[in-house]
S.K.: 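Please find one structure pasted underneath; my questions will follow.
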Amino acid sequence: MIKTLVLLGATGDLAGRFLLPALAALRAADQLPDDFRVVAAAREDLDDQAFQRTAAERLERHAPEVPAAARADLIRSVRYRRTELTDPASVGSLLSGVRQPAAVYLALPPGLYTAVVTALGSTGLPAGSRIALEKPFGEDLDSAMALNRLLDQVTHSAGEQAVFRVDHVLGLPTVQHLLTLRRANRVLEPVWNSRHIEQIDILWEEDLGLEGRAGYFDRSGTLRDVMQNHMLQVLSLIAMELPTRLDEQALRDHKLDALCSVRPLRLDEAASRTRRARYTAGRHSDPAGGAGRAVPAYRDEDGVDAARGTETFAEIVLDLDSERWSGTRFLLRAGKALHRRRKQVTVRFRPAEHPSAHSAPADELRIGLDGPEDLALHLTGGVSLNPPSWAPVTLAAAPPAADLPAYGRVLLDVLSGGSTLSVRGDEAEAAWRVMTPVLAAWNAGMVPLEEYAAGSAGPS
């Protein structure tokens, strides 16, 4: 296992909210070597003690469930180095004391990746090191391909083993169970096809707005932020053929096949098969039933350039050209500042074929992806036979217990040399090929930018 994590962007929100808590959880679970260390780097002028105090405060806020002893142990393993992350000389100084294989984690805005990876290439990394990058991988297909070529050059063609493209949704327990549900339950796999399934909805709906992320999000938008990566990764796991073995290469090969089977939209289809919108002023919903708090219009949020026309809501309907899924619609919908938080897959079965059941509602399987959502199968029961009278029957179960947070699973994979939870370079490019015509149509003004009130269900 790699014993040194070089955390670039260590003072940022990603590091404080997710990565440090994940490392503390790994320490508490005894999943890190005793001599594990973190080299934290950022532009702020801090010393070890100042950064350790900041890290301790973030762990107390974002990982209170982790035992204090594990948090303190992690803090003691952290050293801070002020670094100009795009300057090869500064990066070289940071890595001068790293003699053993290291995992270099870019917890940075994607716009910095090219400069930082180039600086890492000028410095050189010990053999066996890995570079981990957060999604999105590029801003479009061309930039994704260029980034892949650069990574190949910097790692001296060491291949995918030296690069880890992080999409933390792959570490979510329920997402990992998507394949298990099909492999281990004979009741599902025989009906997992277009003959029985009419539509599959993949939803990534959030009740929060920007929450201080305008600097990144306004240059990205919902399609680049979650749909091109998180949601297409989920689609690939749902739609893929089951490999005979679940090793890293077989899993990623089958995911790639599923992504390549997605039929890219023609420009003239964009108006009928995609939607985009952004929120206006409204109120954040209150689960307790109160009035909630006021949410300003997106265009008025701090750090937003309204002229960009960035979407906070996106919806796309896709078809797959495969024997299994020809005739099934895949609907992807994501949005911010909606009336409720809902991240789930909804499998909508076709109506029953028996004539007496024509008026019965169609069955649904709902699979929660993140948070408290349950796994629920909504069936149709009968109150009477003559005349037919229907009543819903729901079979529900709690989500699987998580032994580690999603980022804990991801970091364990990064450090142990695994790649099951990494997005392969050709997967990232295949996902961009799906979204490229959508972006082209939107940029050409072929799909209007609608509006919806914050706290509502989205555009009408």
Side-chain angles (χ1 to χ4, degrees), residues 1-44 46 48 51-52 54-56 58-59 62-63 66 70-83 85 90-108 112-113 116-117 119-120 123-135 151 154-155 158 161-168 171 404-419 421-422:
M1 175 178 278
I2 292 175
K3 298 180 180 180
T4 300
L5 175 67
V6 180
L7 182 54
L8 306 183
T11 57
D13 185 68
L14 174 64
R17 188 181 296 269
F18 296 109
L19 297 178
L20 290 175
L23 289 170
L26 289 174
R27 173 56 74 198
D30 199 26
Q31 296 283 350
L32 296 177
D34 291 338
D35 54 349
F36 178 78
R37 64 174 181 147
V38 179
V39 180
R43 291 172 173 169
E44 285 77 2
L46 305 172
D48 289 346
F51 180 79
Q52 288 174 347
T54 299
R58 290 185 166 191
L59 286 174
H62 298 299
V66 177
R71 285 184 269 150
D73 194 34
L74 175 67
I75 294 299
R76 285 192 291 270
S77 72
V78 178
R79 297 293 180 268
Y80 180 83
R81 298 293 179 267
R82 183 179 181 277
T83 308
L85 300 176
S90 186
V91 172
S93 177
L94 168 70
L95 298 176
S96 60
V98 178
R99 306 299 182 191
Q100 300 299 319
V104 182
Y105 200 114
L106 277 62
L108 300 166
L112 295 177
Y113 285 173
V116 174
V117 171
L120 290 173
T123 300
L125 292 170
S129 295
R130 308 188 86 179
I131 299 174
L133 310 92
E134 281 279 332
K135 63 84 187 169
L151 288 165
V154 166
T155 59
Q161 194 60 30
V163 179
F164 198 104
R165 296 172 188 81
V166 177
D167 191 331
H168 80 274
L404 289 171
Y407 269 103
R409 292 173 178 269
V410 168
L411 284 170
L412 191 59
D413 215 21
V414 171
L415 297 170
S416 65
S419 293
L421 303 183
S422 172

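Here the structure is a predicted model, which is why all the values come from computation and not from measurement.
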S.K.: Walk me through it: do V163 and L133 pass the test side-chain contact (heavy atoms from CB on, under 4.5 Å)?
M.R.: CA-CA 8 Å; V163 179; L133 310 92; 3.9 Å; yes
S.K.: Any chance you could measure R58, atom CZ, to I75, atom CD1, to the nearest 0.5 Å?
M.R.: 11.0 Å
S.K.: Identify the two heavy atoms, one from P101 and one from A127, that lie closest to each other, and give their separation to 0.1 Å.
M.R.: CG-O, 3.2 Å
S.K.: For a 4.5 angstrom cut-off between non-hydrogen side-chain atoms, does V98 reach P126?
M.R.: yes
S.K.: Give, for atom CG of L421 and atom CG of L412, the distance between the pair rounded to the nearest 0.5 Å.
M.R.: 9.0 Å
S.K.: Answer whether the closest heavy-atom distance between the side chains of Q52 and Y80 falls below 4.5 Å.
M.R.: no
S.K.: Would you say Y105's side chain and G9's backbone share a donor-acceptor pair under 3.5 angstrom?
M.R.: no
S.K.: Considering the options L26, L14, L23, which one meets the side chain to side chain contact (heavy atoms under 4.5 Å, CB included) requirement together with Y407?
M.R.: L14
S.K.: Kindly determine whether L8 and T83 satisfy side-chain contact (heavy atoms from CB on, under 4.5 Å), including the steps that lead there.
M.R.: CA-CA 9 Å; L8 306 183; T83 308; 5.8 Å; no
S.K.: Of all heavy-atom pairs between R130 and D413, which one has the smallest distance, and what is that distance?
M.R.: NH1-O, 3.2 Å
S.K.: Taking the side chain as C-beta and beyond, is there a heavy-atom pair between L20 and R71 under 4.5 Å?
M.R.: no
S.K.: If you define the side chain from C-beta out and look only at heavy atoms, does anything of K3 sit under 4.5 Å from S77?
M.R.: no
S.K.: Determine whether the side chains of R37 and T4 contain a donor N or O and an acceptor N or O closer than 3.5 Å.
M.R.: yes
S.K.: Can you check whether P33's main-chain N or O pairs, donor with acceptor, with R27's side chain at less than 3.5 Å?
M.R.: yes
S.K.: Any chance you could measure L95, atom CG, to L120, atom CG, to the nearest 0.5 Å?
M.R.: 6.5 Å
S.K.: Taking R17 for its side chain and H62 for its backbone only, find out whether a donor-acceptor pair lies under 3.5 Å.
M.R.: no
S.K.: Please report the closest heavy-atom contact between A102 and V6, naming both atoms and the distance.
M.R.: CB-CG2, 4.3 Å
S.K.: Got more than 12 heavy atoms from elsewhere within 6.0 Å of CD, Q100?
M.R.: no
S.K.: State whether a side-chain donor-acceptor pair under 3.5 Å links S90 with R43.
M.R.: no
S.K.: Evaluate the side-chain proximity of L74 to V66: yes if any heavy-atom separation is below 4.5 Å, no if none is.
M.R.: no
S.K.: For A40 and V78, work out which heavy atoms get closest and say how close.
M.R.: CB-CG1, 4.1 Å
S.K.: Do other residues, nucleotides or ligands put more than 12 heavy atoms under 6.0 Å from the CG atom of D35?
M.R.: yes
S.K.: What closest approach, in Å, do A10 and A15 show between heavy atoms, and which atom pair accounts for it?
M.R.: O-CB, 3.5 Å
S.K.: Would R409 and V414 count as a side-chain contact (heavy atoms from CB on, under 4.5 Å) if you check the C-alpha gap in whole Å, the side-chain angles of each, and the deciding distance to 0.1 Å?
M.R.: CA-CA 9 Å; R409 292 173 178 269; V414 171; over 6 Å; no
S.K.: Are the side chains of V166 and S422 in contact, using a 4.5 Å heavy-atom criterion?
M.R.: no
S.K.: If you compare all heavy atoms of A29 against all heavy atoms of L404, which two are closest, and at what distance to 0.1 Å?
M.R.: CB-CD2, 4.2 Å
S.K.: Taking the side chain as C-beta and beyond, is there a heavy-atom pair between L46 and T11 under 4.5 Å?
M.R.: yes
S.K.: Quick one: are V117 and L151 in side-chain contact, heavy atoms under 4.5 Å?
M.R.: yes
S.K.: Run the side-chain contact (heavy atoms from CB on, under 4.5 Å) test on I131 and L125 for me, step by step, so that the C-alpha distance in whole Å, both residues' side-chain angles and the decisive distance to 0.1 Å come before the verdict.
M.R.: CA-CA 9 Å; I131 299 174; L125 292 170; 3.9 Å; yes
S.K.: What distance do E134 atom CD and D167 atom CG have between them, rounded to the nearest 0.5 Å?
M.R.: 8.0 Å
S.K.: As an exercise, state the distance from CG of L7 to CG of L108, rounded to the nearest 0.5 Å.
M.R.: 8.5 Å
